[in-house]
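Count residues from 1 along the sequence.
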Amino acid sequence: MSRLAVVCGGSRGIGRAVSRLLATRGCRVAIVSRNEDVAKATVKSLHGADHVALSCDVSKEQDVQKTFEMIQKTCGNISYLVNAAGINRDALLLRIRPEDMLPQLHTNLLGSMLTCRAALRSMLHTEGAAVVNIGSVVGMKGNSGQCVYSASKAGLEGFTRSLAKEVASRNIRVNLLAPGFIHTDMTLGLKEDRARSIPLGRFGEPEEVAQAVLFLLESSYVTGQVLVVDGGLQLAM
């Protein structure tokens with residue numbers, strides 16, 4: 001049987017590129033997104049059949065639990081989990097409101113914790129199960145105006161390493177992928193002149209990140225690691 005891959009935030013950006021690549025690799029893909037209509041549209045574009053779209057706010061525990069119970073019931077055990085759901089609201093710390101802090105922390109950090117917890121029992125019954133959390137080079141290096149976003153992504157690194165230790169004995173691998181500037185909806189407002197600070201001289205494409213995600217999912221002797229995909233950006237930060 002084909003592997004079941006759950007991609008949270010799989011309807012756009014990096015998540016959509018990951019969903020498409022996994023589908024071409026023969027996986028059944030379950031796309032989890034707040035916007036069910038966009039998720040369904042993405043499912044229709046995937047290679048192969050038996051893919052599903054589910055509406056879920058990963059920052060809400062009951063939503064996550066209900067969604068993963070549905071996945072288990074209708075699709076079977078999970079082989080791969082990719083946490084690509086994320087939001088960003090840039091502002092200097094002195095100017096950002098608490099109501100703009102919490103959604104970033106809840107979606108970017110707590111959301112991955114909740115989905116991992118919900119998926120793990122299913123993954124215990126799958127050989128070669130793996131999790132890839134999507135962080136950011138900003139979580140490693142920091143950036144002015146992104147204190148909250150950076151903190152949420154830095155927290156993912158600690159979470160990923162700790163979870164990798166917890167589940168290694170059950171042969172479940174957990175890794176973090178840290179992209180730099182990638183052409184997605186989240187970076188639409190960034191000026192292309194920022195590419196001058198990137199050693200490779202350009203923004204990355206979602207498909208390039210997806211290839212790195214696939215590497216981490218399929219590499220059976222890699223766990224608890226951070227793979228940076230940034231065109232060398234961190235070298236200049």
Side-chain angles (χ1 to χ4, degrees), residues 5-10 12-19 32-34 56-61 63-64 68 78 80-90 93 96 100-120 123 129-143 145-168 172-182 184-187 204 206 208-210 212-217 219 222-230 233-234 237:
V6 178
V7 184
C8 298
R12 59 192 184 100
I14 291 171
R16 179 170 55 196
V18 170
S19 297
V32 175
S33 171
R34 291 186 191 181
C56 175
D57 183 342
V58 298
S59 70
K60 297 180 179 179
E61 181 182 4
D63 259 23
V64 171
F68 277 79
I78 298 168
Y80 298 147
L81 172 64
V82 179
N83 282 310
I87 61 173
N88 186 21
R89 297 177 183 176
D90 290 353
L93 187 62
I96 194 169
D100 289 325
M101 294 180 181
L102 293 177
Q104 293 184 74
L105 295 172
H106 287 171
T107 299
N108 299 351
L109 180 55
L110 178 62
S112 293
M113 293 178 174
L114 292 175
T115 58
C116 284
R117 187 179 66 170
L120 279 178
M123 300 178 87
V131 176
V132 173
N133 295 318
I134 306 296
S136 171
V137 68
V138 172
M140 303 171 66
K141 292 294 186 176
N143 195 34
Q146 292 189 306
C147 284
V148 179
Y149 180 76
S150 176
S152 69
K153 293 299 188 177
L156 269 180
E157 181 175 350
F159 168 68
T160 297
R161 293 191 189 280
S162 296
L163 183 60
K165 289 184 176 183
E166 287 187 10
V167 298
I172 300 174
R173 296 176 297 102
V174 189
N175 290 289
L176 181 74
L177 191 141
F181 291 133
I182 308 298
T184 66
D185 292 344
M186 192 177 287
T187 60
E208 293 175 303
V209 181
V213 170
L214 181 64
F215 166 78
L216 290 176
L217 290 173
S219 297
V222 179
T223 193
Q225 300 302 308
V226 179
L227 176 58
V228 180
V229 182
D230 69 346
L233 176 63
Q234 67 164 339
M237 294 179 76

Where do [X] and [Y] come nearest, in terms of heavy atoms and distance?
X	Y	answer
K153	I134	NZ-O, 3.0 Å
G139	A154	O-CB, 3.3 Å
L120	I172	CD2-CD1, 4.0 Å
G180	V137	CA-CG1, 3.7 Å
D230	P179	CB-C, 4.5 Å
S19	G10	OG-O, 3.2 Å

Side chain to side chain, [X] and [Y], heavy atoms closer than 4.5 Å:
X	Y	value
R161	V226	yes
M101	I96	yes
L81	F68	yes
L217	V82	yes

Are the side chain of [X] and the backbone N or O of [Y] linked by a donor-acceptor pair below 3.5 Å?
X	Y	result
S152	Y149	yes
N143	Q146	no
R34	D57	no
N175	V222	yes
E208	P206	no
N108	I87	yes
S150	C147	no
R173	L216	yes

How far does CG of N133 sit from CG of L176, to the nearest 0.5 angstrom? 6.0 Å

At what distance, to the nearest 0.5 angstrom, does CG of D63 lie from OG1 of T115? 12.5 Å

Start with the C-alpha distance between T107 and V58, add both sets of side-chain angles, then the distance that settles side chain to side chain contact (heavy atoms under 4.5 Å, CB included), and finish with yes or no. CA-CA 6 Å; T107 299; V58 298; 4.3 Å; yes

Given V64, V131, V174, the one that forms side chain to side chain contact (heavy atoms under 4.5 Å, CB included) with C116: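 By the side chain to side chain contact (heavy atoms under 4.5 Å, CB included) criterion, C116 pairs with just one of V64, V131, V174: V131.
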
Could you give me the CA-CA distance, side-chain angles and deciding distance for Y80 and V18, then say whether side chain to side chain contact (heavy atoms under 4.5 Å, CB included) is met? CA-CA 11 Å; Y80 298 147; V18 170; over 6 Å; no

For a side chain to side chain contact (heavy atoms under 4.5 Å, CB included) check, start with the C-alpha distance between S59 and L114, then their side-chain angles and the critical distance, and finish with the verdict. CA-CA 8 Å; S59 70; L114 292 175; 5.9 Å; no

